[in-house]
Every structure is written in C-alpha cells, then in structure tokens.
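To start, the structure under review is shown below, and the notes come after it.
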2 protein chains.
Amino acid sequence: MGEPPNGHGNGHGNGRREVTVSDVAAAAKVSKATAARALGDYGAVSEAVRDRVQAAAEQLGYRPNALARTMSTGRSNTLGIVVGDIENPFFAQATRGAADVANAAGFDLILSNSDEEADTEQKAIGVQLAKRVDGLLVAPASSVDLDNLRTIIDAGRPLVLFDRAAPDLEVDTVVADNRRGAEQLTGLLTAAGHRRIAFISTIRHPGGFRRGDTLGSSSVADRVQGFTDALEGAGIADPESFVHLNARQEGVEPLARRLLEDRDRGITAIVASDSLIALGVFRAARALGRSIPHDLSLVAFDDADWTSVTTPAVTVMAQPIHEIGAEAARLLIRRIGGDGGPVVTRTLPQHLIERDSVAPPARR
Amino acid sequence: MGEPPNGHGNGHGNGRREVTVSDVAAAAKVSKATAARALGDYGAVSEAVRDRVQAAAEQLGYRPNALARTMSTGRSNTLGIVVGDIENPFFAQATRGAADVANAAGFDLILSNSDEEADTEQKAIGVQLAKRVDGLLVAPASSVDLDNLRTIIDAGRPLVLFDRAAPDLEVDTVVADNRRGAEQLTGLLTAAGHRRIAFISTIRHPGGFRRGDTLGSSSVADRVQGFTDALEGAGIADPESFVHLNARQEGVEPLARRLLEDRDRGITAIVASDSLIALGVFRAARALGRSIPHDLSLVAFDDADWTSVTTPAVTVMAQPIHEIGAEAARLLIRRIGGDGGPVVTRTLPQHLIERDSVAPPARR
DNA sequence: GCTCTTGTTGAGACCGGTCTCAATCCGGTA
DNA sequence: TACCGGATTGAGACCGGTCTCAACAAGAGC
C-alpha cells in the first residue's frame, strides 16, 4: 500500500517517526542493549562506546520516551495532585510548595481540580491512577466519605492528604492547627468584648449546624470546634447558632449582608474561614456603609496579600500554606521510596498577625 | 529463587501485581485480543462475551494502564502547561481555564513552573516532551529567545502560546490586547491632568529602557508601547524615561517608594503592569503617608478580586484571563485533532473598570 | 447445495524502553 | 600454554496495552 515508509498508523500526525534507542544503536553500530546502557547511564559500557552512542544520539536528536521507561520500570516519576480549585490562592500556593519539592526530587505533577465534588474527584483519581502516577497528593473533598480515597489505597498507590484529614483512614496527612487557630482568632474578639460573633464558611452542610454534627472537611470542622470552644469559654450561650455554613449557595456577600442587617442577631464581629470569605464580608460591610472595625470587627484565616493593604488592614491567622504542600510532597516521596514506617500526621502551627480590623463593639 | 510468585522485580513496592487484560481474558476464558476489545470498547464483540469480560474485569478490579495504551496508540491524552508561577493569580486563573477545556475533551494537564527562567523552562519542556504530552501550552519566559519553543516544534508537538506572543515563530497564540489596554489606562491619567506618570513592570531588562528596545515579554512590550504612545499623544517628552523595569530585583515596594520620594521626578501617577505590582505601590504609598488618589493616582492591569475592596478601590484594566487559558487549550486540542489550517493569533479584548484611584494631580 | 458476506474470535507483532543471561574478550596468573 | 575472573557486549524476553490479519461460523442469496 502507499503508506508512508515505516509508518504503520501511529506516529503523531506529522510523518516523522520518533527516534528510538534502536535507531541510535544502529547508527552507532552497537546492539540496542548497549545503546540503552550508554544512554540510560546504567550497567557497564566502555568509554569509547559510550561516546560513540552519545554522539549518535545527539546527531539523530534522540529524546527518550519516558512512558516506555515507565512501562518496564514501573516508575513514572509523576505525582498526582488533586485540589479543590487551583484558582483558589490557598491551593495555588500549596501546589507550588508541592511542585518545588517534587521537581527537586525529579517528579512532575499532574493537576486536577475536584471542585469539592465527590464525583469529579473520583474521576480525577481514576485518571491519575490510570496514568500510573507514583503517588497522590489529595485535599479530599470529603473527610468522611472515604470511597474515593480508598480507591487509591486499594490500587496500592501511596497517598498523602493535605489541608484536610480523614481520621478514619490510615494515611499520611499534613494539616494546619486549625482548631487552635480558630480559638485564638475568636479569643481576640471575645477579649475585645464581642458577644455576638458569626463564623462563616462555604462548606456544604445540609441543614443548620448543630453540636456534634460531622462536617465534610476536617479543617472546617476543626475551626468550628475552636470557634465554639472559644465562645463557650467566654460564657456565650448556644455557640452553634453562630456558625453559618453553605455560604457558597447564597453567596458570601449576600449572606454577610443578611447577617449584618439582622438587628435581632446583632452580629458585631465575624470570623471568616478563608480570605475569599473575608473579601465578601468586606464588600458587604462597605455596601451597607458599616465601617470596620467600628461597626464590625473582622478576622480571617490566611494571610492573603491584600489583607495588609485594605483600610483597615485585616487581622488574620496565617497558615504555612507553601509548607503544607511541600511537606505533603516530602512525605509522599518518602513513601514512594519505600518507607514502610508508621502513618504520620503533621499538624503545622498557624500564626496570628494582628492588624487593625478588631475593635470593641459599638454600643447600641 | 524465593521471589514473590509472578513478580519479576518491577511492581510497586507492595507485592500485588496490577491486573491486566490478559488476566481478565484468562478469567473470562477468551483471548487477550477479545478481552481488550470488550474492555476498550472498540472492534466487534458479541454481547455475551462483552458482558462476560466486563464482569470478569469488575470482579478482578481491572484498571486500564493508560501508559500502555499511549505506547501503542501514540496518544497520551495529556497536555503540558508551563507557566511562570502557578502562585501568580494570573497563571492560576489561566490554568484553570485551560484545565476546564482540557478535561471536557478528555485531557489532563501536567503542570510546570518556569519561574520566568529560560533554563527552568527548558528543563520543564524536556520532561513534558519525554512524557509524550500530546501538545503544550506555554507562557514563554521569553518572546525573543526562541530555542526552548523550537525544541517543541522540532519534536513535532503542537504548541500554543498564551499571554505572550513570539512574533518570529509560526505558532498559534492567544494574548490580550495589551497595547490598547495600556493606552486607555494611561489616557485616563493624562486626561486627569497627569504629566509625570510612571509605568512599573517586573520584567527583567538589562540597563534602562530605551525606545526601540526589544523586551523579553511581548505582553509587557505591548503595554510599554501603549503607555509611551499615550504619553506621546499627550505631548509629554521622552516617554521612555518613565518606564521602570526590573522591579523584582529591587523589590516593587522599594522601587515605588524611591520613585515617590524623588522630588525631581515628581511622579503623580503610576501604571502597574499587574495586580501584584499594584499591591506593592499601594504599600509604598501607605508607608509614605501618601493618599490615593489625592497624592497619587494608580491604575493597574488585572481585576484582582481585592482591587474592589481597598480604599480607594482601584481602577483596572481587566483581562479575560480564564478565557485566555481556555481558548489556548481549545486551539491546542484542535491542532492535536489534526487541524492543519493556518496559524492563528487570537487577541482578546481587555475592558476598563473605572473605580476611585484616579484624580487630578495635587498642585505642588 | 454452494458461494458470498458479515460477524466474531484468536494469534501474534508492535510501541520503546529495561533488564537478565549467556557469550566473548581481555589481561593476569599458575 | 591453559585457566580464571572481571569487563563488555548482544539476544531476546518483558511491561500492558492496540491493532492487523487470518480463521472460522452462520445466515443470505442463487
């Protein structure tokens, strides 16, 4: 048939075939095995032959096929990372931390967004597994529904969780000390005299929050815990009633607005579970003509870069986000390296940055 | 030897071997070829056999090896994306746009950061190529030094550039209309009466900027062009002297500070080439006790979410960032699909969002 | 009844590497 | 001179899929 010579259907659109070890071997007049040794830098090859092979490779523009290598070695030197949304600065930063550690160790990252959706996450994990990543870094959409994560473990792939834990799963985890962070942040507010403080998170949770409820994300659960503990410690009754979830559904700005306009509730301070929420609150306050911190005190998680530049600058609980990603990658790579030691959980400290968004409540 | 049965050295740490088509075939008592057909959903298989095979696969927990598939088909269903820094919100957003389009078309993304460094970029591209991505999305570290990009083209891989063009290369490109954007933004300032306006970018450029200089990034080059055109149009002499590059070296806050403190220069307005720079300027102004917009007018590229929440809110030129990434991915996938049409360059419009950071210059 | 077509199946090559194993070559040694 | 051990090299299996091709079966048409 009039096919292009040597092409048998595959190849990549353009007629050119990739140059392979065999081609190089032929050009250097050695066997494929020897050429492979010279190129892959393993086994023993004489100086002369190595040079000859490398020259031939150079000459032909040889470019190793990492996939073929993976096929025979079983190592892909690729990590999978699945985050909620790479546009979220938290995940972007954590991903960068992971990427830096991964690169330094010779790994690449396949990135997937779960949109905090179990189905999407499942699909992403499926693909990563199919592509034979050496291990996965996951910020799980759920700390409770463990099916997706178990898929990974069943497939025998190392797994490290970050940002959120899955207490019922035996797996390495890197989180921040959210409970303590929330407690401190809230303490600042109660110390300033606030008694009616709202906590806002975008996490989905059917119905209102009640004591004992299990939240989908362990990090939010921990924050809620720290928050309610702090309120309780300050002698405030029914702390759970101050917890507002599902903010994404309503939109955080509308929710904040509703809260602020509710005279009966009389909210005088807000704890924002992340910097995006803080932004929404800021907008709501501005729209309502409430001044921060005089009419409303605001504290938030994450030292987003803009928080220092608003008027007033906002008091935040900074998380070592970059390090969370980096440490997760370190743990994962260690496991991939064959470390069979006991499962570890790293709880990294957060630190408070006090700025100007907290003041005593205005008297009504 | 006392090796684990059936294992011959590879495998993944745990003893378990992956289950393959052959295993499934054996279990379903058909040939490997037939099992593959039933599982891969290609060729013709009888209803009965298909069911039998699928049941066996289910039973054994078969999970296809995408790498093996790639080996024979030549398609990896993976795109490479190399950005300056995923932590930069611009790149995070563009990446998300690309990821969405890619996923919808059945592709994944391998992510690399170039740190705007030619060497790092080169390495990243090398790895992506080795992993046989079907195509690459690159925000090139340089629009001028084309070696890295040529590597890709020489390897016969489809390539799409985004955010920055490489005019001397025949390659699909998606950029924003930076020149017009800069002209408009600057025009706002001159119209308000400013005559001494600084443009700040972090791009590296040896020595001071002079007319006719070729900048490493086409997008910055275009902005500079629009900026100087606007100044010229306003009858301002020596527009090039108002262009400040290399802001990363000195740090943008220190640079902005130096500029603002320089009485001879008498800068009354600043055009920030991205939102990170705007942030630095904001900090510098605050540190110096200059009030925006009375003592200093500020405009910036990118409608970063915080720009609406500062006091004053900042006037920005918004870019369709998400769409830049998405469109780039669309073009790339089309090429991968075999479209051999002429090279296209998409120039997406930017749009102005006027807020409160511009006012007439204070009289001195 | 016989050829033709269509549908289904199996055998085996192939993708591009790695790796095992045996063969060969070499100088050094008894 | 014959033998030994280490260094080099080549042949070929293997990884887990896809795909081509030939064999075979059954129903259609004459």
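Worth saying up front: this structure is predicted, and the values here are computed from it rather than measured. Naming: A, B, ... by sequence-line order, numbering from 1 per chain.
A search for side-chain hydrogen bond (donor to acceptor under 3.5 Å, both in side chains) contacts involving B:N77 returns B:R75, not counting sequence neighbours. Annotation: salt bridge (Lys or Arg N to Asp or Glu O under 4.0 Å) contacts of B:E116 (sequence neighbours excluded): B:R164. Legend: residues meeting side-chain hydrogen bond (donor to acceptor under 3.5 Å, both in side chains) with B:T70, ordered by chain and number and at least two apart, are absent. Take B:D163 and apply the side-chain hydrogen bond (donor to acceptor under 3.5 Å, both in side chains) test, not counting sequence neighbours, and it matches no residue. Not a single salt bridge (Lys or Arg N to Asp or Glu O under 4.0 Å) links A:R52 to another residue, sequence neighbours left out. In this structure, B:D119 has no side-chain hydrogen bond (donor to acceptor under 3.5 Å, both in side chains) partners at least two apart in sequence or on a different chain.
Distance OH (A:Y42) to P (D:dA7): 18 Å, rounded to an integer number of Å. The CG-P distance, from B:D23 to D:dC15, rounds to 10 Å in whole Å. Rounded to whole Å, the distance from CG on B:L67 to P on C:dG16 is 14 Å. As a whole-Å value, the separation of B:E47 CD from C:dT8 P is 9 Å. D:dG17 atom C1' lies 14 Å from atom CG of B:N77, rounded to whole Å. The CE atom of B:M71 sits 11 Å away from the C1' atom of D:dT18 (whole-angstrom rounding). Rounded to a whole Å, the CG atom of A:L129 is 15 Å from the P atom of D:dG16. The CG-C1' distance, from A:L39 to C:dT18, rounds to 12 Å in whole Å.
For residues 140-150 of chain A, the set of pairs meeting the side-chain hydrogen bond (donor to acceptor under 3.5 Å, both in side chains) definition, not counting sequence neighbours, comprises A:E121-A:N148, A:Q122-A:N148.
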Close N or O pairs between protein and nucleotides 9-11 of chain C (under 3.5 Å):
residue	atom	partner	partner atom	Å
C:dT9	OP1	B:S46	OG	3.1
C:dT9	OP2	B:S46	N	2.9
C:dT9	OP2	B:S46	OG	3.4
C:dG10	OP2	B:S31	N	2.8
C:dG10	OP2	B:S31	OG	3.1
C:dG10	OP2	B:T34	OG1	2.8
C:dG10	N7	B:R37	NH2	2.8
C:dG10	O6	B:R37	NH1	3.3

Check nucleotides 24-27 of chain D against the protein and report each pair of N or O atoms closer than 3.5 Å, with its distance, or say if there are none.
none

Distance-only donor-acceptor pairs under 3.5 Å for side chains of residues 20-28 of chain A, two or more places apart:
residue	atom	partner	partner atom	Å
A:T20	OG1	A:S22	N	3.2
A:T20	OG1	A:D23	N	3.4
A:D23	OD1	A:R17	NH2	3.1
A:D23	OD2	A:R17	NH2	2.8
A:D23	OD2	A:T20	N	2.9

Table please: side-chain donor-acceptor pairs of residues 331-345 of chain A below 3.5 Å, with sequence neighbours left out.
residue	atom	partner	partner atom	Å
A:R335	NE	A:D172	OD2	2.6
A:R335	NH1	A:D339	O	2.9
A:R335	NH1	A:G341	O	2.8
A:R335	NH2	A:D172	OD1	3.0
A:R335	NH2	A:D172	OD2	3.3
A:R335	NH2	A:G341	O	3.2
A:R335	NH2	A:P342	O	3.0
A:D339	OD1	A:G341	N	2.5

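With salt bridges taken as basic N to acidic carboxylate O contacts below 4.0 Å, none links A:R50 and A:E47.
A:K131 and B:T78 share a donor-acceptor pair across their side chains, judged by distance under 3.5 Å alone.
Between D:dG17, C:dG16, C:dC19, one nucleotide has an atom nearer to the side chain of A:T20 than all others, and that is C:dG16.
Each end of the helix from C:dG1-D:dC30 to C:dA30-D:dT1 yields a helix axis from five base pairs, and these two axes differ in direction by 60° (to the nearest 10 degrees).
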